[in-house]
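Have a look at the structure below, then the notes.
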Amino acid sequence: MKRALERAFRRLLAGALVLALPTLPACAKKDYAAAIETNWGIRLPEGCEEIYKKQSEPAFNGDSERYHVFDCGEAEGMPDLVAWYDGLVTDDASYRLLDELGVTKEDYPQPGKYKKYTCKKTNGSTLVMLYSPDTKLLYVLEDFY
């Protein structure tokens, strides 16, 4: 009787693994565009592909910093995504958030003209997005409190 129960348990476990294996890649793949939509209500257009990311470990209370770069060369609708305003990134631009994350200067937004968008929540969490119409790169900086 004990052997029969062990065999039944093993079969049940094997069946569960067979059913769960196809979902593992989906669980492992973190679509950060979906997180931006959840956190800020901004849905990035299809065709924006994440090409760089750097983030801090979340603190006990959930505080963290995140930096993502998306290549939006294949995306349509970037000019109408948010209420952009014109911004300029200069050679001496310094971003506290990027410094804290240890982002190398090569991975900073390069000097030039950008479309800029900022959003601040009542809890102090901040979003800064820089979009370059020339390179089609979108830089997303988040500081959560």
Side-chain angles (χ1 to χ4, degrees), residues 6-145:
E6 285 178 358
R7 273 187 262 152
F9 179 73
R10 285 183 185 154
R11 286 185 185 143
L12 181 63
L13 185 59
L17 284 174
V18 167
L19 291 174
L21 283 176
T23 63
L24 289 178
C27 293
K29 182 181 177 188
K30 172 82 164 127
D31 181 3
Y32 202 75
I36 292 171
E37 184 175 6
T38 299
N39 294 335
W40 303 99
I42 298 170
R43 183 181 189 134
L44 298 183
E46 292 291 325
C48 286
E49 180 182 330
E50 184 181 55
I51 59 173
Y52 181 85
K53 68 178 174 181
K54 187 92 174 199
Q55 57 190 46
S56 66
E57 291 296 321
F60 176 74
N61 59 356
D63 294 359
S64 65
E65 297 84 24
R66 300 175 188 166
Y67 176 59
H68 297 264
V69 181
F70 292 86
D71 181 344
C72 298
E74 301 297 318
E76 293 182 19
M78 287 302 292
D80 303 317
L81 180 65
V82 292
W84 300 106
Y85 59 92
D86 291 332
L88 187 65
V89 174
T90 60
D91 286 327
D92 60 350
S94 177
Y95 297 96
R96 177 193 57 81
L97 176 71
L98 301 183
D99 292 339
E100 288 177 9
L101 287 172
V103 174
T104 61
K105 298 293 183 192
E106 303 80 66
D107 295 314
Y108 273 47
Q110 297 304 305
K113 293 181 180 179
Y114 288 84
K115 296 296 182 185
K116 188 173 182 179
Y117 174 80
T118 59
C119 180
K120 191 165 190 164
K121 292 185 175 183
T122 56
N123 68 358
S125 295
T126 305
L127 168 73
V128 175
M129 295 195 316
L130 299 170
Y131 175 66
S132 170
D134 295 333
T135 64
K136 308 289 189 219
L137 294 178
L138 174 67
Y139 300 85
V140 180
L141 299 88
E142 298 172 286
D143 197 0
F144 289 100
Y145 290 97

Any side-chain heavy atom of Val128 sitting closer than 4.5 Å to one from Lys116? yes
Where is the tightest heavy-atom contact between Glu106 and Gln110, given as atom of each residue plus distance? O-NE2, 3.3 Å
Distance, nearest 0.5 Å, that separates NZ of Lys120 from CG of Asp143: 9.0 Å
Could you measure the distance from the NE2 atom of His68 to the CG atom of Leu138? Nearest 0.5 Å is fine. 11.0 Å
For a 4.5 angstrom cut-off between non-hydrogen side-chain atoms, does Thr118 reach Thr126? no
Atom CD in Glu50, atom CG in Asp71: separation rounded to 0.5 Å? 11.5 Å
Among residues at least two apart in sequence or on other chains, which ones pass side-chain contact (heavy atoms from CB on, under 4.5 Å) with Glu100? Glu65, Arg96
side-chain contact (heavy atoms from CB on, under 4.5 Å) with Pro133: which residues, sequence neighbours excluded? Lys115, Tyr131
Nearest heavy-atom approach of Ala33 to Leu44 is CB-CD1, 4.0 Å
Heavy-atom closest pair, residues Ala75 and Pro45: CB-CB, 4.0 Å
Under 3.5 Å, is there a donor-acceptor pair linking the side chains of Tyr108 and Asp99? yes
Heavy atoms from other residues, nucleotides or ligands near CD of Gln55 exceed 12 (cutoff 6.0 Å): yes
Does some side-chain heavy atom of Ile36 sit less than 4.5 Å from a side-chain heavy atom of Phe70? yes
Considering all heavy atoms of both residues, which atom of Met129 and which atom of Trp84 are nearest to each other, and what is their separation? O-CZ3, 3.8 Å
Tyr67 ring center near Tyr52 ring center (under 6.0 Å): yes
4.5 Å side-chain heavy-atom contact, Pro109 and Leu137: no
I'd like to know if the side chain of Ser132 pairs up with that of Asp134 as donor and acceptor (distance under 3.5 Å, no hydrogens or angles considered). no
Drop me the distance from Leu81's CG to Cys72's SG, to the nearest 0.5 angstrom. 8.5 Å
Check whether more than 12 heavy atoms from other residues, nucleotides or ligands sit under 6.0 Å from atom CD of Glu37, and answer yes or no. yes
Working to the nearest 0.5 Å, report the span between OH of Tyr117 and CD1 of Ile42. 4.5 Å
What are the two closest heavy atoms between Cys48 and Met78, and how far apart are they? SG-SD, 3.9 Å
If you define the side chain from C-beta out and look only at heavy atoms, does anything of Asp107 sit under 4.5 Å from Val69? no
Applying side-chain contact (heavy atoms from CB on, under 4.5 Å) to Asn39 and not counting sequence neighbours gives Tyr32, Ala35, Arg66, Glu142, Phe144
